[in-house]
Amino acid sequence: MDKKFSTCRRNITTMAISYNTNSFLFIIVLLLLVPINHSLNSDDLVSELTILRARSTTGVIHLSNILLGRILSVPVPRPFTLLVFFDSQKLHSDSEISLPTLKNEFLILASSFHANNPANNNKLFFFEIEFQESRASFALFGVKSLPYVCLVSPFATDFERDSIQMESSDFSRHAESMAEFVEAKNKHTVGPIHRPSGVWGG
């Protein structure tokens, strides 16, 4: 196992303590509104996510506080699973956690899933979210360290409690071990990993 991936979890307390009052107020508003405001139905949300995915060059949707609120507004069970990569541009220069490398592997995972499942790719959506833009969402998921990737099932209501987090071993063989995590934790089959020519993995 590559040492930099076996020791890639580094505490980022500076991120945790930078959650401000506005972040928590946003969360409170979301939690108050979600039970009574189901104005967006599941089909509309899936259509919206499909359009956002098509607009993305990587097939990975950029998740924001507002989009997360729309997802939360749909009653459970939602008709899809979320796989979310939590990112921080400020930590991309930190070689110990190798966020750019892990994010690239996440993008390869997503593109492989879409290539292998063209007729059934609306059951699993891939998201990436940036800390500086969406601190409230990081707080809602309870993210305290990076790297952090989690699977959110259609039945999840409390995203911190109900999400399934990838462990360091799930990053060890890059996209290949991430695919094993996805297949082990839900019913979706990723299929073989397709890499650009010359890109090492597994």
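The shown structure was predicted, so the numbers you read here are calculated from the model rather than taken from an experiment.
- F106 and F85 have tilted rings, their planes meeting at an angle from 30° to 60° on a 0 to 90° scale.
- At a threshold of 4.5 Å between non-hydrogen side-chain atoms, the residues R195 and E176 count as touching.
- Side-chain atoms of H174 and N104 include no donor-acceptor pair closer than 3.5 Å.
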Criterion side-chain contact (heavy atoms from CB on, under 4.5 Å) on F126 and N121, from CA distance to verdict = CA-CA 10 Å; F126 293 77; N121 59 13; over 6 Å; no
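- Taking all atoms of both residues into account, the shortest heavy-atom contact from P192 to S112 is O-CB, 3.7 Å.
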request  = Go through the steps for L102 and V149 under the test side-chain contact (heavy atoms from CB on, under 4.5 Å), then give the verdict.
outcome  = CA-CA 10 Å; L102 290 175; V149 180; over 6 Å; no
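- Counting heavy atoms from C-beta outward, M178 and V190 have side chains that stay 4.5 Å or more apart.
- Between I71 and F127, some side-chain heavy-atom pair lies under the 4.5 Å cut-off.
- Across all their heavy atoms, I108 and S111 have their closest contact at O-OG, 3.0 Å.
- Side-chain contact check for K185 versus T81: every heavy-atom pair is 4.5 Å or farther apart.
- Remark: side-chain polar atoms of R161 are not paired, donor with acceptor, to backbone N or O of A156 under 3.5 angstrom.
- For the residue pair A179 and I193, the shortest heavy atom distance occurs at CB-CD1, 4.1 Å.
- The distance from the CG atom of L91 to the CD atom of E96 is 11.0 Å, given to the nearest 0.5 Å.
- In terms of heavy-atom proximity, F181 sits nearest to Q165 at CE1-O, 3.8 Å.
- No side-chain heavy atom of C150 sits less than 4.5 Å from a side-chain heavy atom of F159.
- Between I129 and the options L67, V84, I61, a side-chain contact (heavy atoms from CB on, under 4.5 Å) holds for only V84.
- Taking the charged nitrogens against the carboxylate oxygens, E130 and K90 have no contact shorter than 4.0 Å, which rules out a salt bridge.
- With no hydrogens or angles considered, a side-chain donor-acceptor pair links N41 and D44 at under 3.5 Å.
- The only member of N65, I66, V143 that meets side-chain contact (heavy atoms from CB on, under 4.5 Å) when paired with S137 is N65.
- Using a 4.5 Å heavy-atom cutoff, the side chains of F125 and L82 are not in contact.
- The structure places NE2 of H114 at 7.0 Å from CG of L124, a figure rounded to the nearest 0.5 Å.
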Stepwise side-chain contact (heavy atoms from CB on, under 4.5 Å) test for D87 and H92 = CA-CA 9 Å; D87 196 12; H92 276 205; 2.7 Å; yes
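- You'll find the side chain of L146 stays beyond 4.5 Å of the side chain of D94, heavy atoms only.
- With sequence neighbours excluded, the residues that form a side chain to side chain donor-acceptor pair (under 3.5 Å) with N116 are H194.
- H188 and E183 are not linked by any side-chain donor-acceptor pair at a separation below 3.5 angstrom, with hydrogens and angles left out of the test.
- Not one N or O on the side chain of N122 forms a donor-acceptor pair closer than 3.5 Å with the backbone of F80.
- The shortest distance between side-chain heavy atoms of D162 and F155 does not fall below 4.5 Å.
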